[in-house]
S.K.: 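Before we start, here is the structure in question, set down as structure tokens.
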Amino acid sequence: MAVAAVPWWRRRAKLPRWVKAMLIVLALLGIANVLLDVIPPSQQPFLDYVAECRARGEPTSVAEYLELDSDALGHAAAVIAAPATEARVRREGAPWPWEAGANHAWLKSARPHELDAMRAQLQELAPFFDRLESASRGARLCCAFSWTNGDDPLVPALQSALRLLSVSVVADPTLDGRMGSIETMTRLSRLARGTTTRRMVGVAMMTFAVTSIRHETEPGLPDPTVTRARLEPLLSSERLDSLSEFVRAERIELMDTFTQLLEGRMVPDELFDGIAPVTDDWRGRRLLGLIHNGGTPVGSPEDCVRALEFLSEISSIDITTFVRWKQEFDRRVATMGKYSVSNWASIMPSRVAVHMARADAATRLARIALAAAEHRVTHGDFPATLDELKSMFPDGIPLDPYTDAPFVYETTPTGVRIASVGRLADEAALDEPTLRERCLVWELKR
């Protein structure tokens, strides 16, 4: 009996097993690819972390942090009014370069009528400067705060106060008036805390104050003993001491930012663009996580929690010396993924620490320079070595934060030179103009 032929369309081709296995793998990868692209990671790890912080009574937003600061509330009406005061002076036709701020170089080139006009305006602003000085003696700077995507109204207020005070520091005809403005600026710099931008303005204030002290001191102060007595208590407060507090504030700011992101109050790219060159889909973030972030999707809630925990660890690093802090910080950063929120979150603490160390080096040099100037008045000449100043520093002569060793001190034909190396051991050496610009070298004259 003949067997009926099977039509071609009903015939089954027998595929090798390896081909079948390959097709199954490709199908699974296709399904996984769709799921990776469509389904975002769970928000629960981040929500649980925030809930735990709240249960411990910790602030979870910038506004809460500023209100829960341990300092007593202070009144800073004059600081808040600084932008309006600056705007009024501008409308009246100020003779100084406001965009760059008045500086000592401008003072040298100012014409007599310009200087007279500036000092007349300073006289009119005397009540404002008195209120500013009073605000600088408070425990804290406060203002109505509504933080959205980093908008902080106190920052432009502090910047205006810096520009207004810089005019007084430069152009006040009396030494007492200039020193008073330097004191106010120094106090305000210590109160500029809370957010990153506030602290950076504070560092700028301290840097300008120290530059002005050097401008007064190098040619020879008429009475360095009185000046040192006024400034030493203010200069002995250092910036690096507040680095741990700054890192804690950064952690809260990141928590606040990610909360806004999850609630749809912030565009994702505003955060992710600073982390890694990834696309808007979660597939790309997961793949980068597998390759560079220990399997954690880049920018995911879980990745953010890891960054918050990392900042908690950084805030606990001993800040006894900048050199040791930087070594420990770099060691911990090296263990993070190349693309991660942790890597992104580490950038600002590192940069701020560098600026704080530079400010501390400048203020320590100022303290030593003022002591050397007082020594000259008391003993007839500058000390031959820094050891002769030991009695003037009960807690020890300040060291260079870049080396944990004494500052460079050498006698010159006209006086003495005191300097910081201005860099860590593994960094390139700085030339004299750069050291001068950063206020890391002083040349006192007889």
S.K.: Sequence neighbours excluded, which residues qualify as ring pair (Phe, Tyr, Trp, His ring centres under 6.0 Å) partners of Phe46?
M.R.: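 Here the qualifying residues are Phe258.
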S.K.: Can you name the nearest heavy-atom pair linking Phe329 to Ser346, along with the distance?
M.R.: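 Heavy atoms of Phe329 and Ser346 come nearest at CZ-O, 3.3 Å.
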S.K.: Heavy-atom count around Arg324 CZ within 6.0 Å, excluding the residue itself: above 12?
M.R.: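 Not more than 12 within 6.0 Å, no.
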S.K.: Could you check whether any side-chain N or O of Ser160 sits under 3.5 Å from a backbone N or O of Ala157, counting only pairs where one atom can act as donor and the other as acceptor?
M.R.: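 Flag not set: sc Ser160 to bb Ala157 has no pair under 3.5 Å.
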S.K.: Would you say the side-chain atoms of Ser237 pair up with the backbone N or O of Pro233, donor to acceptor, closer than 3.5 Å?
M.R.: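 Here the side-chain-to-backbone pair does not exist.
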S.K.: Report all side-chain donor-acceptor pairs from residues 420-427 shorter than 3.5 Å, counting only partners two or more places apart or in another chain.
M.R.:
| unit_1 | atom_1 | unit_2 | atom_2 | d |
| --- | --- | --- | --- | --- |
| Ser420 | OG | Asp400 | OD1 | 3.0 |
| Ser420 | OG | Asp400 | OD2 | 2.9 |
| Ser420 | OG | Gly422 | N | 3.0 |
| Arg423 | NH1 | Glu427 | O | 3.1 |
| Glu427 | OE1 | Leu424 | N | 2.9 |

S.K.: A side-chain contact here means heavy atoms from C-beta on lying under 4.5 Å apart; do Met118 and Val170 qualify?
M.R.: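 With C-beta onward as the side chain, the pair stays apart.
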S.K.: How long is the gap from CZ on Arg251 to CD on Glu58, to the nearest 0.5 Å?
M.R.: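 Between atom CZ of Arg251 and atom CD of Glu58 there are 5.0 Å.
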S.K.: I would like to know whether Glu133 and Arg137 meet salt bridge (Lys or Arg N to Asp or Glu O under 4.0 Å); could you show each step before the answer?
M.R.: CA-CA 7 Å; Glu133 192 271 343; Arg137 294 182 179 275; 2.5 Å; yes
S.K.: Should the heavy atoms of other residues, nucleotides or ligands under 6.0 Å from CZ of Arg351 be counted, would the total exceed 12?
M.R.: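 Atom CZ in Arg351 is not packed in, count stays at 12 or less.
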S.K.: Side-chain donor-acceptor pairs under 3.5 Å in residues 438-446, sequence neighbours left out?
M.R.:
| unit_1 | atom_1 | unit_2 | atom_2 | d |
| --- | --- | --- | --- | --- |
| Arg446 | NE | Asp381 | OD1 | 3.2 |
| Arg446 | NH1 | Pro413 | O | 3.3 |

S.K.: What I'd like to find out is whether the side chain of Phe129 reaches to under 4.5 Å of the side chain of Leu122, using heavy atoms alone.
M.R.: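 Yes - at least one pair of side-chain heavy atoms lies under 4.5 Å apart.
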S.K.: Does the side chain of Arg367 come under 3.5 Å of the side chain of Ser236 through a donor N or O and an acceptor N or O?
M.R.: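 There is no such pair between these side chains.
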S.K.: Among side-chain atoms of Thr434 and Asp431, is any donor-acceptor pair under 3.5 angstrom?
M.R.: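 Note: Thr434 and Asp431 side chains meet the donor-acceptor criterion.
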S.K.: Do the side chains of Arg190 and Leu234 get nearer than 4.5 Å, heavy atoms only?
M.R.: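 Result yes, sub-4.5 Å side-chain heavy-atom pair found.
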S.K.: Does some side-chain heavy atom of Arg239 sit less than 4.5 Å from a side-chain heavy atom of Ser189?
M.R.: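 Of all side-chain heavy-atom pairs linking Arg239 with Ser189, at least one is under 4.5 Å.
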S.K.: Out of curiosity, Glu374 CD to His379 NE2, how far, rounded to the nearest 0.5 Å?
M.R.: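 Reported value, rounded in 0.5 Å steps: 9.5 Å.
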S.K.: Hey, does Ile80 have a side-chain heavy atom less than 4.5 Å from the side chain of Leu154?
M.R.: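 Yes; the side chains approach each other to less than 4.5 Å.
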